[in-house]
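Below, chain A is the first sequence line, B the second, and so on; all start at residue 1.
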Amino acid sequence: MRRIISVLMENEPGALSRVIGLFSQRNYNIDSLTVAPTEDKSLSRLTLTTSGDERRIEQITKHLNKLVDVVKLVDLTEGAHIERELMLIKVKASGTQRAEVKRTTDIFRGQIVDLTNSVFSIQMTGASDKLDAFITALGENVVLEVARTGVSGISRGEKVLAL
Amino acid sequence: MDQLSGGEALLRALHDEGVEFLFGYPGGAVLHIYDAIFNQDKIEHILVRHEQAATHAADGYARGTGKPGVVLVTSGPGATNAITGIATAYMDSIPMVVISGQVESRMIGTDGFQETDMIGVSRPIVKHSFMVQNPAEIPLIVKKAFHIATTGRPGPVVIDIPKDVTDPKTKFGYEYPADIKMRSYAVPAKGHSGQIKKAIDLLMAAKRPVIYAGGGVIQGEGSQLLTELARKLGFPITNTLMGLGAYPASDEQFLGMLGMHGTYEANMSMHYSDVLLAIGVRFDDRVTNSDVTKFCPDATILHVDIDPASISKTVAADVPIVGSVTSVLEEMLSQIALAKQKVDEKSLKVWWDQIKHWREKDSLAVTPSTDGTIKPQEVVQAVFEITKGDAYVSSDVGQHQMFAAQYYGFDKPRRWINSGGLGTMGFGFPAAMGIQLAFPDAISVCITGEGSFQMNLQEFATCMQYKLPVKIVCLNNRALGMVKQWQDMQYGGRHSHSTYEESLPDFVKLAEAYGHVGIRIEDKSELDAKLKEAFSLTDKLVFIDVWVDPEEHVYPMAIKGGAMKDMILSKSERT
C-alpha cells in the first residue's frame, strides 16, 4: 500500500543521509522524496512516499523515529490529507499540435510558463495520479522532459505536524 | 572558566564524563589530541597494536562494567580499522564512544592523505555520529555522545574531529554542560501499566509458560529483578547467547541456552509453550530458526523491550511492552503481589514434569575418549572448575564460542563477553584485555580457537606493555571448526579452505616471543594439572594451547528451516 510519511527533523548536516541510508540499509523503497527547511530554520520537513504492508510501514516509522535527528513524524495516509506534487514538463508543440497541447493543459489546469516555436514548458500541480494522467493524455511522442518534485502533503483539518 | 584548546577540551570532557581508559592508536590527524593526553594524568591511554583491537577492548570493558568504552583513532585507515569493532558493538547494543581524527576542515573532500568519510562509512553501524566544526562545540557534543551511547537501547556513537579543531593555538572558555536535553531524542519512559496488567493476566493463566530473556536484561541491569520474578512465578526460564548470566545457570528453573545450539529442553519448552514472556530479546534468527512461521506455534507472545523497533520486527508480539527492563520488571512484581489471580500451579506442575522428562535426554552429555584425545567440551568444564565459575569469560566466534556458552555455567551477568550479533572473530582477546583493565584482580579468560586468535594476536604486545595477565585457552582443532562442521553436514565433507594444519604457528613459542608463558596440552591425562598450573600464574599472561578432537561437532543443532523442536542431537540422532 502506498504511504506518505512526513518527517520533521533537525536541519543538520548528515540528517538527510541518515534517513535515506536507513531505507537502503533495511531494504525499504522510497518512491519519492522532497525536503526543505520549515518556517523554523532549525527544522527540515521531509516527505517521502513508500509502499509496503502494514507491518513494513510500522517498521519504517519506528526506525525513522529511532533516528536521533528525527523530531516527529506522521503517516499522512492514516487520515484525511492533501497531497500535491509540482511538475514542470517540456513538450513538443508545433503547428496543429500547439492548440491540442494548450487545450489538454487547460483541461488539467496547468499553465504554460515558457514557449518557443516548437516547445511548450508547462507547470502543473496536483496529486501524483493527476500528473500521471496528464502525461498519458499528452501521449509519449510529445513529451521531451519531465521534472517532478515528489509528493508533499499536509493533514486536513486542525491536525498539525509541528513542535 | 578555563581557556582550553580543542584537544585539551576533549580530554577534560572525557574526564568530566568519568572516563578511566582511552583505547587508542595515534596518527597524524590526532596528534594534537595525543599531545593533550601527554599533558594530563586523569585518563589512562592504552596503546593497542591495531585499531580493531581498540574497539574490542573498549567493548569488553563496556560489557564487563556497564560503563561506556571509549576509543581514539586517527583518520583514514585508523578510522576504517575501527569499523568492525563499531559494528560489533552496534549489533549487541554496547555503549561506546569512538573519537576519530579527520583531515583539516579545509582539506575535507579533496581526497587528502588519510582522508576517509568516517561519518559516511560508519553511518549504518552507529546509533548516532557527530562531526565537530569548531572547538567550542566539543563539550556539548561529548555530552550528547555519551548521553546517546548510554541511554535507551545503548550503542556506539562516533565523533569525527578535523585536525584544525584540536589545534593548540585556538583556545576557548571551557564549560561542561551539567545536563542535556535533546528535542529529537527521548529515552523511553516506563512500560505501559495497562499492557503490563494484560501480560500478568496471561502469565497467571498460563499452562505452559516460558521466560525467554536476553542481552537487554543484562544491558538494562535487570538480572536481579528478573531472577526475583522467575522465582516468584516458578516458571522455566531460558537465556539467549547474549543473555547468559541474566539468570543463574546453576538454578533449577534454568533450562540452559536456547536457539541454534541451545539445549533440548530449552528448545522443546519454547516450541510447546502457550505463553512466552520475551524480555530484552530480539527474536534473532539464531533463536527462531530461519522460518518464523514455525516459531512457537501455540504461544501468546509478551514482548518487553526498550526499543519499539525491536517489537514485532521478525515475530509479531501479542502484548508489546515498551520500556526499560527494570521499570517493567518492578511493575510486574508489584502487580503480581496485588493480583487476585495466582499462578496455575496444577498446570505448571504438569509442565515441569514434561520439562524434566526432556531434561533427562541430557543433550549436553559429553562422551570422553578412550585414547587420551581431549574433547573441547571437557576443556571448558575444566576451566569452569578451576576458576570456580567466577571468571570473566570472553570468546571469539565458532565452535569454541558455543562450547563456552554451553559448558561454562554463568551465574552472574556481565561475565560472558562475546560477539553474539555480528559474530566477530578476533573479538575475544582484546575484549579480555578491556576486562582485565577494568577488573585487575579478576580472572579474565579468553576461550578461543586457533583460527579466531590469529585475527588479533598482535595484542600480545599490548598485554606485555600493560602487564595484563589474561588467560587464553585455545581449543586448537587445527581447523575453522564451525565452517568445517557445516561442510561436514551440508557439503559432503568437502573441507574447502577450512583447514591449515601444516601452517599453524607454534603458539607456545609465539607467546614466549612476546615475553609471555605458553603451555601446550595434548593428552587428557595432563589437562587438569597443566590448566591449574596456568591459572596459578596470576601475574602472567598464559597462552594455553589445548589440542582437542578435531572431529567434534557442536550439538544440539537446529535443523535449518525447521521449528525450534527440530534438532540434530548428535552425529546419529535427530528429533
Side-chain angles (χ1 to χ4, degrees), chain A residues 1 3 5-30 33 35 37-46 50 52-75 78 160-163, chain B residues 87 90-91 93 105 108-109 117-133 137 140-141 144-145 147-149 151-160 162 180-188 282-283 292 305-317 320 322:
Chain A
M1 203 173 131
R3 297 295 188 124
I5 299 171
S6 263
V7 180
L8 272 189
M9 59 186 194
E10 298 289 353
N11 187 7
E12 298 256 1
L16 180 60
S17 75
R18 275 188 249 272
V19 171
I20 294 170
L22 171 69
F23 276 74
S24 60
Q25 184 184 346
R26 302 227 172 237
N27 203 18
Y28 308 143
N29 61 313
I30 297 183
L33 176 78
V35 56
T38 64
E39 82 287 1
D40 172 353
K41 292 288 176 254
S42 71
L43 287 172
S44 283
R45 181 171 178 138
L46 176 148
T50 183
D53 57 25
E54 208 161 308
R55 194 137 147 217
R56 200 174 179 79
I57 298 298
E58 189 182 317
Q59 277 294 311
I60 290 174
T61 54
K62 281 175 170 179
H63 278 290
L64 280 170
N65 261 320
K66 228 175 115 172
L67 292 175
V68 170
D69 288 325
V70 169
V71 185
K72 241 180 181 180
L73 66 83
V74 63
D75 178 352
E78 272 184 352
V160 290
L161 175 64
L163 287 187
Chain B
Y90 181 72
M91 285 291 270
S93 310
S105 308
I108 291 175
D117 172 13
M118 180 56 167
I119 298 291
V121 170
S122 63
R123 201 212 64 238
I125 51 162
V126 295
K127 189 169 169 189
H128 197 59
S129 50
F130 296 92
M131 164 77 91
V132 185
Q133 289 171 343
E137 293 176 352
L140 185 61
I141 285 181
K144 282 184 180 173
H147 177 61
I148 292 168
T151 52
R153 179 177 181 172
V157 175
V158 162
I159 307 177
D160 201 33
I180 186 82
K181 233 186 133 124
M182 295 172 70
R183 64 180 175 185
S184 60
Y185 177 77
V187 179
R282 58 187 178 90
F283 295 84
V292 290
D305 205 284
I306 199 159
D307 177 10
S310 239
I311 288 171
S312 298
K313 183 175 68 176
T314 56
V315 172
V322 178

Quiz item: Looking at A:Ser42, A:Gly14, A:Ser24, which has the largest count of heavy-atom pairs under 4.5 Å with chain B?
Solution: A:Ser42
Practice problem: Looking only at non-hydrogen atoms, find the nearest pair between A:Leu163 and B:Arg183 and report the distance. | Solution: CD1-NH1, 3.3 Å
Exercise. Report yes or no: does A:Lys66 contribute a side-chain atom to a donor-acceptor pair with the main-chain N or O of B:Asp307 at less than 3.5 Å?
Key: no
Self-check item: Contact origin within B:Met182 toward chain A - heavy atom pairs under 4.5 Å
Solution: side chain
Exercise. Indicate yes or no: at least one non-hydrogen side-chain atom of A:Gln25 is less than 4.5 angstrom from one of B:Arg123.
Key: yes
Quiz item: Heavy-atom distance under 4.5 Å to chain B: side chain of A:Arg55, backbone, both or neither?
Solution: side chain
Quiz item: Non-hydrogen atoms of chain B under 4.5 Å away: do they reach the side chain of A:Arg26, the backbone, both or neither?
Solution: side chain
Practice problem: Spell out, as yes or no, whether a donor-acceptor pair under 3.5 Å connects the side chain of B:Ser184 to the backbone of A:Val68. | Solution: yes
Quiz prompt | Value rounded to 0.5 Å, distance of OG in B:Ser310 from CD in A:Gln59 | solution = 8.5 Å
Quiz item: Looking at A:Glu10, A:Arg18, A:Arg56, A:His63, which makes the most heavy-atom pairs under 4.5 Å with chain B?
Solution: A:Arg18
Exercise. For residues B:Pro308 and A:Lys62, report the shortest heavy-atom separation together with the two atoms involved.
Key: O-NZ, 2.8 Å
Exercise. With sequence neighbours excluded, tell me which residues meet side-chain hydrogen bond (donor to acceptor under 3.5 Å, both in side chains) with A:Arg45.
Key: A:Ser6
Quiz prompt | CD-CZ distance between A:Glu12 and B:Phe130, expressed to the nearest 0.5 angstrom | solution = 8.5 Å
Quiz prompt | Partner set under side-chain hydrogen bond (donor to acceptor under 3.5 Å, both in side chains) for B:Lys144, not counting sequence neighbours | solution = none
